[in-house]
Q: 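The structure that follows is given in the form of structure tokens.
In the text below, chain A, chain B and the rest are named by the order of the sequence lines, each starting its count at 1. Note that the coordinates shown come from a computational prediction; the quantities given were computed from them, not determined experimentally.
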Protein chains: 2
Amino acid sequence: MATQISLDDTFAALADPTRRAILARLLDGEASVAELAQPFALTVRAISKHVGVLEQAGLVTRSRSAQKHLSRIELKPLRDIDRWLDGYRKLWEGRFDRMEDLLRRDADKPE
Amino acid sequence: MATQISLDDTFAALADPTRRAILARLLDGEASVAELAQPFALTVRAISKHVGVLEQAGLVTRSRSAQKHLSRIELKPLRDIDRWLDGYRKLWEGRFDRMEDLLRRDADKPE
DNA sequence: TAGTTCTGGAACTAGTTGGTTCTATAAAGC
DNA sequence: GCTTTATAGAACCAACTAGTTCCAGAACTA
């Protein structure tokens, strides 16, 4: 089984704009570290570390083709976040006053 | 205007299980710091700091009623994450082989 | 007024993060 | 075989984080 990824790691990995940009780039297809580094004013090593963080968080897998290690986006952790959001989504999808009701539900309870 | 919140801050705030638990608790209604601290083996001060982080990230607003400062969940940053996910959601909602096509689209380009 | 309750500020600590540089290794190209 | 290219390991640094303890202030309670 693919070692369980925590929401902690996923959220932490996504909390960096460089890493989110790398993920977005990977929507266009697999890429090597050098290719991923190209748009940034950072060393290739720094980008390599960012990819490592994404890999740790399960958001990226790598396959080496010759010297190039191709990175590829993995969707499962994103789906996990999506499912986590489900618990809150109903609050903004309902009518606004119903949302207010939910939020205040306990506040008026006699305890 | 309510000072613009960055995805960086939102993701970072959500990368901590204590803070996610606090948010979940706030689904049941507003609560004071002391109330929020009750389920945790942490000092009230530590929880107060966590609430501060959530507040910084726009996930919580506070209103003081007497000494009690009531925290309330705010949904906008969560909706922002939901919208950010939109860019990826189509990949796991489509048929799997179409997703594969998208991912490999560039890999086979003659360049 | 005095005491209690609720919270935030300040100062500190240990551990983590995001970046650097320099070095090593593995595969391709000549 | 030597050189180049692509990447990761190691060591380092400055900044930030999550926690603590101690103290101060604001507002209820008696």
Side-chain angles (χ1 to χ4, degrees), chain A residues 5-26 29-73 77 106-107 111, chain B residues 5-23 25-26 29-73 106-107 111:
Chain A
I5 305 295
S6 68
L7 278 179
D8 286 34
D9 290 340
T10 308
F11 277 124
L14 295 174
D16 184 286
T18 304
R19 288 194 290 263
R20 289 199 305 280
I22 289 172
L23 264 201
R25 162 63 183 81
L26 290 177
E30 299 178 333
S32 68
V33 172
E35 285 162 355
L36 291 174
Q38 190 258 323
F40 300 100
L42 291 173
T43 59
V44 173
R45 187 69 188 94
I47 298 300
S48 162
K49 282 191 172 186
H50 278 305
V51 174
V53 172
L54 289 169
E55 196 175 20
Q56 275 296 116
L59 285 158
V60 153
T61 51
R62 285 198 259 192
S63 60
R64 57 196 322 158
S65 139
Q67 321 99 306
K68 294 197 176 186
H69 305 195
L70 292 181
S71 293
R72 173 176 184 159
I73 191 171
D106 278 18
E111 169 63 26
Chain B
I5 304 296
S6 68
L7 278 179
D8 287 34
D9 290 340
T10 308
F11 278 124
L14 294 175
D16 184 286
T18 304
R19 288 195 288 263
R20 289 199 304 279
I22 290 173
L23 264 200
R25 163 63 184 80
L26 291 178
E30 298 178 333
S32 68
V33 172
E35 286 163 354
L36 290 173
Q38 190 259 322
F40 301 100
L42 292 174
T43 59
V44 173
R45 188 71 187 91
I47 299 300
S48 160
K49 283 190 172 187
H50 278 305
V51 175
V53 172
L54 289 169
E55 196 175 21
Q56 275 297 116
L59 286 158
V60 152
T61 50
R62 285 197 259 192
S63 59
R64 58 194 323 157
S65 139
Q67 324 97 305
K68 295 196 176 186
H69 304 195
L70 293 181
S71 293
R72 173 177 183 160
I73 191 173
D106 278 20
E111 169 64 26

Q: Taking atom P of D/dA18 as reference, at what distance in whole Å does atom CG of A/D8 sit?
A: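 Distance, rounded to whole Å: 11 Å.
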
Q: If you look only at pairs with a residue in residues 11-21 of chain A, which of them pass as a salt bridge (charged side-chain N to carboxylate O under 4.0 Å, His left out), with sequence neighbours excluded?
A: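 Only A/R20-B/D8 qualify under salt bridge (charged side-chain N to carboxylate O under 4.0 Å, His left out).
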
Q: Write down the distance between CD (B/Q38) and P (C/dT5), rounded to a whole number of angstrom.
A: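 Distance, rounded to whole Å: 17 Å.
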
Q: At what distance, to the nearest 0.5 angstrom, does CD of B/E55 lie from OG of B/S71?
A: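 Rounded to the nearest 0.5 Å, the CD-OG separation comes out at 7.0 Å.
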
Q: Given atom CD of B/Q56 and atom C1' of D/dC16, what is their separation to the nearest angstrom?
A: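 That distance rounds to 14 Å.
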
Q: Side-chain donor-acceptor contacts of residues 36-47 of chain B below 3.5 Å, not counting sequence neighbours, with atom names and distances?
A:
from	atom 1	to	atom 2	distance (Å)
B/T43	OG1	B/A46	N	3.1
B/R45	NH1	B/S48	OG	3.1

Q: Within this structure, what is the CD-to-P distance between B/E55 and C/dG9, rounded to whole angstrom?
A: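 Rounded to whole Å, this separation is 10 Å.
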
Q: Report the distance from atom CG of B/L36 to atom C1' of C/dG8, rounded to the nearest whole Å.
A: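 About 15 Å, once rounded to whole Å.
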
Q: How many whole angstroms separate atom CG of B/L14 from atom C1' of D/dT17?
A: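 That distance rounds to 16 Å.
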
Q: If you measure from CG on A/L54 to CG on A/L26, what distance do you get to the nearest 0.5 Å?
A: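 With rounding to 0.5 Å, CG (A/L54) is 8.0 Å from CG (A/L26).
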
Q: Tell me what B/T18 touches on the nucleic acid: a base, only sugar-phosphate, or nothing, going by heavy atoms under 4.0 Å.
A: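 Touches nothing.
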
Q: Counting only heavy atoms not in A/Q56, do more than 12 fall under 6.0 Å of its CD?
A: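 Check fails, neighbour count at 12 or below.
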
Q: For A/R20 and C/dG18, give me the distance from atom CZ to atom P, rounded to whole Å.
A: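 It is 12 Å, rounded to the nearest whole Å.
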
Q: Between residues 39-52 of chain B and DNA chain D, which residues have a heavy-atom gap below 4.0 Å?
A: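 Output list: B/L42, B/T43, B/R45, B/A46, B/K49, B/H50.
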
Q: In whole Å, what is the span from the CG atom of B/D16 to the P atom of C/dT16?
A: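 Between P of C/dT16 and CG of B/D16: 14 Å.
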
Q: Would one find a side-chain N or O of B/H69 under 4.0 angstrom from OP1 or OP2 of C/dC6?
A: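 No, no such contact exists.
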
Q: To the nearest 0.5 Å, how far apart are CG in B/L14 and CG in B/L23?
A: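 Going from CG on B/L14 over to CG on B/L23, the span is 6.5 Å.
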
